[in-house]
Amino acid sequence: MNSTLHTIRCQFNQAMVTQFGEHLAGTDPLLVPASHPKFGDYQSNIALSLAKQLGHPPRTIAQQLVHQLTVDGELAKICEPPAIAGPGFINLRLHTPYLEQQLQAIQAHPRLGIPLPSHPQPIIVDFSSPNIAKEMHVGHLRSTIIGDSIARILEFQGHHVIRRNHVGDWGTQFGMLITYLREVCPQALTTADAIDLGNLVTFYQQAKQRFDTDEAFQHTARTEVVKLQSGDPHSRIAWQLLCEQSRREFQLIYDWLDICIEERGESFYNPFLPNVVAELEDAGLIVKDAGALCVFVDGFTNKDGDPLPLIVQKSDGGFNYATTDLAAIHYRIQTEGATRIIYVTDAGQSHHFAHIFAVAREVGWLNDSIQVVHVPFGLVQGEDGKKLKTRSGETIRLKDLLDEAIARARTDLITRLKAEEREETDEFIQVVSRSIGLAAVKYADLSQNRTSNYIFSFDKMLDLRGNTAPYLLYAYARIQGISRKGNIDFTRLPNGIQIHLQHESELVLTRHLLQLDEILSEVERELLPNRLCHYLFELSQKFNQFYDKDRGCPVLTAEEPLRTSRLIICNLTARTLQLGLSLLGIPVLQRM
RNA sequence: GGGUGCGUAACUCAGCGGAUAGAGUAGCUGCCUUCUAAGCAGCGAGCCGCAGGUUCGAUCCCUGCCGCACCCGCCA
């Protein structure tokens, strides 16, 4: 909420200095959300941690701090008198008039009280990154969804974000594919769309198999890459045709998922690759080993415990992904001026990125003013706990996966409509089932801590109960239902009027509403969208408790001025849900 | 063999060095002459993998071990 925590922190700091001396200036007062609602909103654990240093019992320290805070007086504008509990916790409870005033403030604020940063940063988010000549499959799901959400959050926070699709459009696989196509389907190399993408994928698999087993083929393929990389016109035309075809296919998926991303494939960096090697050479980092040009940095060893090289130029003269990734870092920093680069790829690549970053640091492209991070995520597993595959053991195409989610959402919806004897248009059914299906897939992914593997289950993600997209969307739709029922235009509710918080459930709800800014800055820092999901889930639960006819409080049937006050709370909840979901890449529904 | 990540309720998962470790599902029990029950309230369910260590305090940090997953020289 509008800097509440910041204000409290300052007050604590001041009190610490006044009571215990200047050396405590800037010491973190260890303010955290209360561990249990009965303790209030926040707690400071500082007294416990200062006990040893100051040589006093923690409760005495807490008493001195509370005394000083009371004398200073500022805190009383926000909180009820601080309470000391247990071994020396200082518990803080925001008082109701402050909550009422804060709600009023965010109601009038288009960003719900979230401030813009004073120093917006240029940030590159590198995500999705499918490979040309392959279809997008389940392996691209997490990078695409998590990367998009991170980009949305950073954009909302006011940063200048470049969403970057580092597609695999270069390298050995193309030599392989072109060589193979020349044998089995030469027209594909000269005519647009001579074969459909499904076949292209099959050809790719066959080419890969040949490459792995046939040495002569492997050699020809490698030569083909070198030809392509050196600009041979026939190779380039073939390559462009393949890229164009894949690109259209990717775009279809991105349109479905409402993902905006700018393609800049590996090939873009081709002209810069020799220079990368040259700069490494100039820095004295290049070592020739078995014909390949390598860089050795401390801390990287292979399975025998020997130093592990980063190969930047292969013995055949070709460059590889390490070279490309280095060129990309260089370009992103030098030319694009990025101060933060975020790579959203699977956890299996951690080692590779650590290696690349270490070399970039060694050569001096990276320094402390630039933050380069790998944001790893775990595998998508089937319900058997193994890597998600079709029954026949093939990789699942992303398109099929999304189709199935939508189809299942549609079946659920139709069953529900029948049970409730509702009549809806075909268009409604189509829009709603599509929206729920896609939202469910996205939310299921985002709501897990990204670092662990997660088990993919259509049944769980489409469940109308629990921490799922449908539950959150329903909470939103319920609120819109209030506006329809009461003929109330939420956008025309009066601004700046006194909010009244009386009922326990509305206090609980509004306390939660006012925590959005803390959650968002945490998510920005940790790059963990599941924290936002958790927040929104709790918000939905708290709304449903507030709206419950037994234990909650009446809204439409309440007397003024409570009625308007509660309608404002409803609308603030809806706006918060809508904003939060939008940051996850999920649009809301008015009815469902 | 080395490296990285993970081991928390029957299942799927949260958990920020702090108080009695939390959700959701599943199971059981209540609440619809309705501000949409797709909801709400409640009950039971835990050696937080094991063993040490650091700390006033450890599910969280460190070390070792066990189990699982992924990575480990010219693919990306």
Side-chain angles (χ1 to χ4, degrees), chain A residues 30 32-36 38-39 43 45 48-49 51-52 57-58 85-89 91 129 131 166 168 170-173 176 208 211-212 222 266 289-294 300-306 308-316 318-322 324-325 345-352 354 376 378-379 381 383 385-387 412 416 420 447-449 451-455 457 459-460 463-468 470-471 473-475 477-478 481-482 484-486 522 526 530-531 533-534 537-538 541 544-545 547-552 554-558 566 570 591-592:
Chain A
L30 303 178
V32 291
S35 62
H36 193 280
K38 72 183 172 195
F39 299 134
Q43 65 184 62
N45 302 330
L48 293 109
S49 79
K52 192 158 199 183
F89 301 111
N91 290 334
S129 308
N131 292 318
H166 190 77
W170 210 235
T172 316
Q173 79 256 29
M176 209 169 79
K208 171 90 172 106
F211 186 85
D212 291 340
R222 290 226 161 96
E266 296 173 338
D289 189 27
L293 300 188
C294 307
F300 294 85
T301 52
N302 66 14
K303 54 188 158 200
D304 302 320
D306 299 327
L308 180 74
L310 187 77
I311 294 173
V312 292
Q313 188 159 16
K314 299 185 283 182
S315 48
D316 64 8
F319 300 104
N320 61 9
Y321 65 103
T324 307
D325 282 345
T345 76
D346 68 277
Q349 295 186 50
S350 311
H351 200 260
H352 165 67
L379 284 179
Q381 299 172 310
E383 299 199 45
K386 295 195 176 143
K387 199 170 168 180
D412 283 355
R416 222 168 58 230
E420 292 169 17
S447 61
Q448 308 263 330
N449 183 319
T451 54
S452 41
N453 295 344
Y454 96 96
I455 296 185
S457 160
D459 287 336
K460 288 207 164 109
D463 200 326
L464 307 165
R465 303 151 309 161
N467 188 7
T468 64
Y471 178 84
L473 290 172
Y474 177 61
R478 271 187 115 178
I482 297 171
R484 283 191 296 274
K485 177 97 180 184
E522 182 186 317
E526 314 273 344
N530 67 305
R531 300 266 165 88
C533 294
H534 185 73
F537 174 55
E538 288 192 323
Q541 280 184 315
N544 281 329
Q545 286 155 9
Y547 192 51
D548 187 69
K549 72 178 183 333
D550 291 339
R551 286 157 227 268
V555 177
L556 286 172
T557 53
R566 286 179 181 161
C570 287
R591 295 196 306 126
M592 58 190 279

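We name chains A, B, ... by the order of the sequence lines, and we start the count at 1 in each one. Please read these numbers as outputs of a predicted model, since none were measured by experiment.
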Can you check whether A/Ser35 reaches A/Gln43 side chain to side chain, under 4.5 Å on heavy atoms? yes
Between B/rG22 and B/rG46, how many Å separate the two C1' atoms, rounded to a whole number? 11 Å
Using the P atom on both, measure B/rG7 against B/rC16 and round to a whole Å. 11 Å
Distance between the C1' atoms of B/rU20 and B/rC48, in whole angstroms? 15 Å
Can you find a heavy atom in the side chain of A/Glu526 that is under 4.5 Å from one in the side chain of A/Arg531? yes
Aromatic ring proximity A/Tyr471/A/Phe537, centre distance under 6.0 Å: yes
Identify the heavy atoms of A/Arg591 and A/Ala477 that sit nearest to each other, and give their distance. CA-CB, 4.4 Å
Give a yes or no on whether a donor-acceptor pair under 3.5 Å exists between the nucleobase atoms of B/rA19, that is its base, and the side chain of A/Gln43. yes
Ion pair present between A/Asp412 and A/Arg416, side-chain N to carboxylate O less than 4.0 angstrom? no
Result for 5'-nearest mapping on RNA chain B, choosing between A/Trp170 and A/Phe39, is A/Phe39
Pick the closest RNA chain B nucleotide for A/Pro87 and for A/Lys314 by heavy atoms, then say which residue is nearer the 5' end. A/Pro87
Work out which heavy atom in A/Ile482 is nearest to a heavy atom in A/Val555; give both atom names and the distance. CG2-CG1, 4.4 Å
Any side-chain N or O of A/Tyr471 below 4.0 angstrom from OP1/OP2 of B/rC40? yes
Between B/rC13, B/rA19, B/rC35, spot the one nearest the side chain of A/Phe89, thanks. B/rA19
Close side-chain approach of A/Lys460 and A/Thr468, heavy atoms under 4.5 Å: no
Given B/rA19, B/rA37, B/rA76, identify the nucleotide with an atom nearest to the side chain of A/Arg478. B/rA37
Between the base of B/rA38 and the side chain of A/Arg465, is there a donor-acceptor distance below 3.5 Å? no
Candidate nucleotides B/rU20, B/rA76, B/rG24, ranked by approach to the side chain of A/Gln173 - the nearest: B/rA76
Where the side chain of A/Gln541 is defined as all heavy atoms beyond and including C-beta, which of B/rC40, B/rC16, B/rG73 is the nearest nucleotide? B/rC40
Quick one: classify the glycosidic conformation of B/rC71 as syn or anti, with syn meaning within 90° of 0. anti
Report the distance from atom CG of A/Asn449 to atom SG of A/Cys533, rounding to the nearest 0.5 Å. 11.0 Å
Nucleotide nearest A/Tyr474 (side chain, heavy atoms from C-beta), chosen from B/rG73, B/rA38, B/rC16: B/rA38
Closest approach to the side chain of A/Ala290, judged atom by atom: which nucleotide of B/rG24, B/rC74, B/rA19 is it? B/rC74
Check every atom of B/rC40, B/rC16, B/rC56 against the side chain of A/Arg531 and return the nucleotide holding the closest atom. B/rC16
Sort me out a list of protein N/O and nucleotides 31-34 of chain B N/O pairs below 3.5 Å, or just none if empty.
unit_1: B/rC31; atom_1: O2'; unit_2: A/Asp550; atom_2: OD2; d: 3.1

Just by distance, no angles: are the side chains of A/Asn544 and A/Gln541 close enough, under 3.5 Å, to form a donor-acceptor pair? no
B/rU36 OP1/OP2 closer than 4.0 Å to side-chain N/O of A/Arg484: no
Ring stacking, A/Tyr321 with base of B/rA76, under 5.5 Å and under 30°? no
Do you know which two heavy atoms are closest between A/Ser447 and A/Asn467, and how far apart they sit? CB-ND2, 4.3 Å
Students often get this wrong, so: under 4.0 angstrom with heavy atoms, is A/Ala558 touching a base, only sugar-phosphate, or nothing? nothing
Output row for RNA chain B, stems defined as at least 3 consecutive Watson-Crick or G-U pairs under 3.5 Å, is B:1-7 with B:66-72, B:10-13 with B:22-25, B:27-31 with B:39-43, B:49-53 with B:61-65
Among B/rG73, B/rC74, B/rA76, the nucleotide that comes nearest once only the side chain of A/Glu266 is considered: B/rA76
Of the listed nucleotides B/rC70, B/rC56, B/rA76, the one nearest the side chain of A/Leu379: B/rC70
If you look at every strand shown and take non-hydrogen atoms under 4.0 Å, does A/Ser452 touch a base, only sugar-phosphate, or nothing? sugar-phosphate
Give me the distance, rounded to whole Å, that separates B/rA10 from B/rG49 when you measure between the P atoms they each carry. 13 Å
If you check every side-chain atom of A/Asn544, which of B/rG39, B/rC72, B/rA19 has the closest atom? B/rG39
Can you tell me whether the side chain of A/Asn45 and the base of B/rA19 have a donor-acceptor pair closer than 3.5 Å? no
Considering only atom P, compute the distance from B/rC32 to B/rA14 and round it to an integer number of Å. 37 Å
Can you check whether A/Asn449 has a side-chain N or O nearer than 4.0 Å to OP1 or OP2 of B/rG15? yes
Are A/Asp325 and A/His352 close enough that some pair of their side-chain heavy atoms sits under 4.5 Å apart? yes
Ignoring backbone atoms, establish whether A/Arg416 has a side-chain N or O less than 4.0 Å from OP1 or OP2 of B/rU36. no
Please tell me if the side chains of A/Arg222 and A/Phe211 come closer than 4.5 Å, counting only heavy atoms from C-beta onward. yes
Is there, by distance only and without an angle test, a donor paired with an acceptor across the side chain of A/Asp289 and the base of B/rG73 below 3.5 Å? yes
Taking the same atom, C1', in B/rU8 and in B/rC47, what whole-Å distance lies between them? 12 Å
Inter-nucleotide C1' distance (B/rU59, B/rG17), Å rounded: 11 Å
Would you measure the distance from the C1' atom in B/rU54 across to the matching atom in B/rG1 and give it in whole Å? 30 Å
